[in-house]
There are 4 protein chains.
Amino acid sequence: MLDKRDQILEAAEELFAQKGFEGTSVRDLAKKAKVNVAMISYYFGSKEKLFESLVEYRAAFLREKLQLINREEVLDPISKIEMLIDFYVDRITSQSRFSRILHRELSLQQRSEMHNAIADIILRNAHEMRKIIQEGIRKKVFRKMDAEMLIATLVGTTMQATNSKEMVCKLIGSDPQKFSFNDTRYKNRLKNYLKDLMRTTLLYSKKQSA
Amino acid sequence: MLDKRDQILEAAEELFAQKGFEGTSVRDLAKKAKVNVAMISYYFGSKEKLFESLVEYRAAFLREKLQLINREEVLDPISKIEMLIDFYVDRITSQSRFSRILHRELSLQQRSEMHNAIADIILRNAHEMRKIIQEGIRKKVFRKMDAEMLIATLVGTTMQATNSKEMVCKLIGSDPQKFSFNDTRYKNRLKNYLKDLMRTTLLYSKKQSA
Amino acid sequence: MLDKRDQILEAAEELFAQKGFEGTSVRDLAKKAKVNVAMISYYFGSKEKLFESLVEYRAAFLREKLQLINREEVLDPISKIEMLIDFYVDRITSQSRFSRILHRELSLQQRSEMHNAIADIILRNAHEMRKIIQEGIRKKVFRKMDAEMLIATLVGTTMQATNSKEMVCKLIGSDPQKFSFNDTRYKNRLKNYLKDLMRTTLLYSKKQSA
Amino acid sequence: MLDKRDQILEAAEELFAQKGFEGTSVRDLAKKAKVNVAMISYYFGSKEKLFESLVEYRAAFLREKLQLINREEVLDPISKIEMLIDFYVDRITSQSRFSRILHRELSLQQRSEMHNAIADIILRNAHEMRKIIQEGIRKKVFRKMDAEMLIATLVGTTMQATNSKEMVCKLIGSDPQKFSFNDTRYKNRLKNYLKDLMRTTLLYSKKQSA
DNA sequence: AATGAATGAGCCTTCATTCAT
DNA sequence: AATGAATGAAGGCTCATTCAT
């Protein structure tokens, strides 16, 4: 069984994703985690510090994965991008809603300890992503591109597709409950789309037409 | 001078964008709008209803603009996409932060009147955007593409680029205050990137290489 | 009937005197004042600010009285001291427990806004008292004395006598409820003692023996 | 090294004097005493019981000293009063702030075990003080005086002078940091003042003028 | 004997809303 | 129509204490 600290972190991840940071009360958290309200302050100091701890708790894993991709010497750039897409889409669409939390809270223009902590995490991850892209450009495998904006596309598209999954279903007119929109299928659809998008936009057109 | 109702809506747009819905108090709103606290309930019924009113207040304009683009018979599909990009980037990066509010609150998985109202707006807008893309495909100007995901890219990239502007600056190592990152330049950079992205991915490669 | 603000101030004076600042909760205050808990913050901003308001509320009157004594041109110094004693003892032993509150909170060595506000009040009052004493010395009616310490005696004795009234009763072995220890008698006893003390210590011995 | 119980008592004396009983938390105490939070309940049962223990811990010593003065057969009454002043001023102004704690908590009108325990201590001490005064009166060395009130003057003046040391400095317009207001000098000033006050008020005027 | 973990009650404050005018 | 006053509920947090070891 998880210890109380981890129970709280799990609950926080779920509730912050669902209701946002402001919309989640420490009493909600305590109830979900099945611990006493005072425990949150006891373990983390404050609700805000809990958020920061959650960020640290998840961020290490995120960056490690990216670094792993970067270190793969034998992989060609486009394969790395595809790995990145697979990995990133899985992360965001998984039950672990961590990334969504990060990006939402970041979109608030409130400056605070918390905001800075989040920005830092995302910045470091962005840094790893950029390495992959720049390597491809340097090796003349990729066209010369605006790398920072390309990251925004990868991250933003995934986020948007995830957040609006239900809407996409509506747009197509299908029942969201229907088989064709289950998580795995939707996820694969997103992955395939992103890989195609990256290929068409990154690779030189002769390669594309080949 | 704006009437009180509009003052409140203006204030709401600014504060919700800055601090989120939950993070903004009715007192904050009243102060910003320079009206009495009771006014919000008086005019809108509740803070939540105010949000819905804000949505209605802005949504009409948003959709009208999209419909306008769609109706332009003489425009070729790629020009329409470019108009769409120009329009959308301007909207989101402008001082009118309405779109950002919509998308953030949508990312909360709370089902409510409010949520549904927002989803509805976005859905209708997405519908107009899809028309443009599908028309291009039907006219064989565009490759066959996953239209819904392409919308996610347009919307998601713009959102992400806007939210992480400061981060992009950091990533490049420049001072956010420096001239090269002022709003207009950044906006144009985003527009150019998106237009290039759309061209390379939507158009057949022969056209691209032409 | 008192307005709510005054009801709160009255309740605060009573409860702070009884239970101290820390020992009194805003719920206690609200209950005593028969107002909603939120009213305390609404009117005063915080519990601490309420304290400061209480200080201001009472301090003006206190100082005015002292200034009045000082301005009395025809009064000889010893009469002024006696007026001061009458006035001060009445104040402290009266149902208005304000002075006791001030002195207790001052005895805490915590530096805070509150503490400084209190110190300020007391300082200004002490200033007025000293004027009376120094005038007597200048006119050669009083012996040369340590004026500041004399104030400490006037204030400290009154405070101590009030705080330990019950103890004095025990010391004499009388029932605190008995007639001879009712408030008026005890007050007069204190006044007479202080006046005698001041006369013997301030006046030159020839006058005393006269 | 002190054992844990004594460490706690030492910490309690310091913190209660500084922040009052209510203003001091068990965690503050534990931290200051460098023991576990649970220790306080473990050793003393409760915070309140700790206070009572502190009172017992110090009270014995206090009274012993007074009894010692009383038993000095060869000392004349005025010398005893002077010894009493020396002793009392030292106690209250010393780093051992026990007496200040007693008097402050006594000034709260809350009836409790604690309050009664304190009242008892002070009563017994007052009893010893009164003996000294009454002996002087019986031996016709002192004028007939209100002994109980005289105790209030001794105790109250010392308390007041100590609590308002900083204020006296301000009143004189000197820098509290300045040499002339260091602890020793201030203490001596208070002692000299009190001795003079006692002499002038207790002794018959012929003696005074002599 | 000693303690880190855990608790329920209570703290002060702020919330969105409604009332009386 | 418009508002200052007022409210009960809920906010995050700290409290003294007790539990399990």
Side-chain angles (χ1 to χ4, degrees), chain A residues 3-5 7-8 21-31 33-51, chain B residues 3-5 7-8 21-31 33-51, chain C residues 3-5 7-8 21-31 33-51, chain D residues 3-5 7-8 21-31 33-51:
Chain A
D3 79 346
K4 305 234 164 181
R5 219 188 105 97
Q7 283 175 47
I8 295 170
F21 177 77
E22 292 279 356
T24 305
S25 77
V26 292
R27 277 173 184 77
D28 290 341
L29 289 166
K31 198 176 173 188
K34 285 173 189 160
V35 299
N36 187 278
V37 250
M39 285 273 66
I40 277 115
S41 293
Y42 181 71
Y43 272 128
F44 300 96
S46 69
K47 186 182 153 189
E48 191 148 318
K49 294 257 187 66
L50 162 61
F51 196 111
Chain B
D3 80 345
K4 306 224 166 184
R5 221 187 102 98
Q7 281 173 46
I8 295 170
F21 177 77
E22 292 281 354
T24 305
S25 79
V26 177
R27 263 167 193 76
D28 289 341
L29 289 166
K31 197 177 173 188
K34 284 171 190 161
V35 300
N36 186 279
V37 251
M39 282 275 55
I40 277 112
S41 295
Y42 183 68
Y43 269 132
F44 299 94
S46 69
K47 187 182 153 187
E48 192 149 319
K49 294 258 186 63
L50 162 60
F51 197 111
Chain C
D3 79 347
K4 305 232 165 183
R5 221 189 102 99
Q7 284 173 46
I8 295 170
F21 178 78
E22 293 278 356
T24 306
S25 77
V26 291
R27 272 171 189 78
D28 291 341
L29 288 166
K31 197 176 173 188
K34 285 172 189 159
V35 300
N36 186 279
V37 251
M39 285 272 65
I40 277 116
S41 293
Y42 181 70
Y43 271 128
F44 300 95
S46 69
K47 187 183 153 188
E48 192 149 318
K49 293 256 186 66
L50 162 59
F51 196 111
Chain D
D3 79 345
K4 304 223 166 184
R5 224 188 100 98
Q7 282 174 47
I8 295 170
F21 178 77
E22 292 281 354
T24 304
S25 78
V26 177
R27 263 168 193 74
D28 290 341
L29 289 166
K31 198 177 172 189
K34 286 171 188 161
V35 300
N36 186 278
V37 250
M39 283 274 55
I40 277 111
S41 295
Y42 183 68
Y43 269 131
F44 299 95
S46 71
K47 188 181 153 188
E48 192 148 319
K49 294 258 185 65
L50 161 61
F51 196 111

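Letters A, B, ... are given to chains in the order of the sequence lines, protein chains preceding strands, and every chain is numbered from 1.
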Would you sketch DNA chain F in dot-bracket for me? Only Watson-Crick or G-U wobble pairs with both distances under 3.5 Å count, crossing pairs as [ ], other-strand pairs as |, the rest as dots.
.||||||||||||||||||||
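Listed here is the closest heavy atom pair of D/Phe44 and D/Lys49: O-CB, 2.9 Å. Annotation for A/Lys4 and A/Met39: closest pair CD-SD, 4.4 Å, computed over non-hydrogen atoms. In this structure, A/Glu22 and B/Glu22 approach most closely via the heavy-atom pair CB-CB, 3.4 Å. Counting all heavy atoms, side chain and backbone alike, C/Gln7 lies closest to C/Lys34 at OE1-O, 4.2 Å. In this structure, B/Val37 and B/Val26 approach most closely via the heavy-atom pair O-CG1, 3.9 Å.
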Using a 4.0 Å heavy-atom cut-off to protein, can you give one letter per nucleotide of nucleotides 12-21 of chain F, 5' to 3': B if the base is in contact, S if only the sugar-phosphate is, - if neither?
BBBSBBB---
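One can place CG of C/Leu50 at 15 Å from P of E/dC11, the figure rounded to the nearest angstrom. Computed from coordinates, the B/Lys4 NZ to F/dA2 C1' distance equals 7 Å when rounded to whole Å. E/dT14 atom C1' lies 14 Å from atom NZ of C/Lys49, rounded to whole Å. Atom NZ of A/Lys31 is separated from atom C1' of F/dG11 by 16 Å (rounded to the nearest Å). Rounding to whole angstrom units, CZ of residue D/Arg5 and C1' of E/dA1 are separated by 15 Å. For C/Met39 and E/dT14, the CE to P distance is 13 Å, given to the nearest whole Å. Across the protein-nucleic acid pair, A/Gln7 atom CD and E/dA5 atom P stand 15 Å apart, rounded to whole Å. Between the CD1 atom of C/Ile8 and the P atom of F/dA5 there is a distance of 12 Å, given to the nearest Å.
Across all strands shown, D/Tyr43 has heavy atoms under 4.0 Å from sugar-phosphate atoms exclusively, and none from any base.
Partners of D/Phe51 by ring-ring contact (aromatic ring centres under 6.0 Å, His included), not counting sequence neighbours, listed by chain and number: D/Phe16, D/Phe21.
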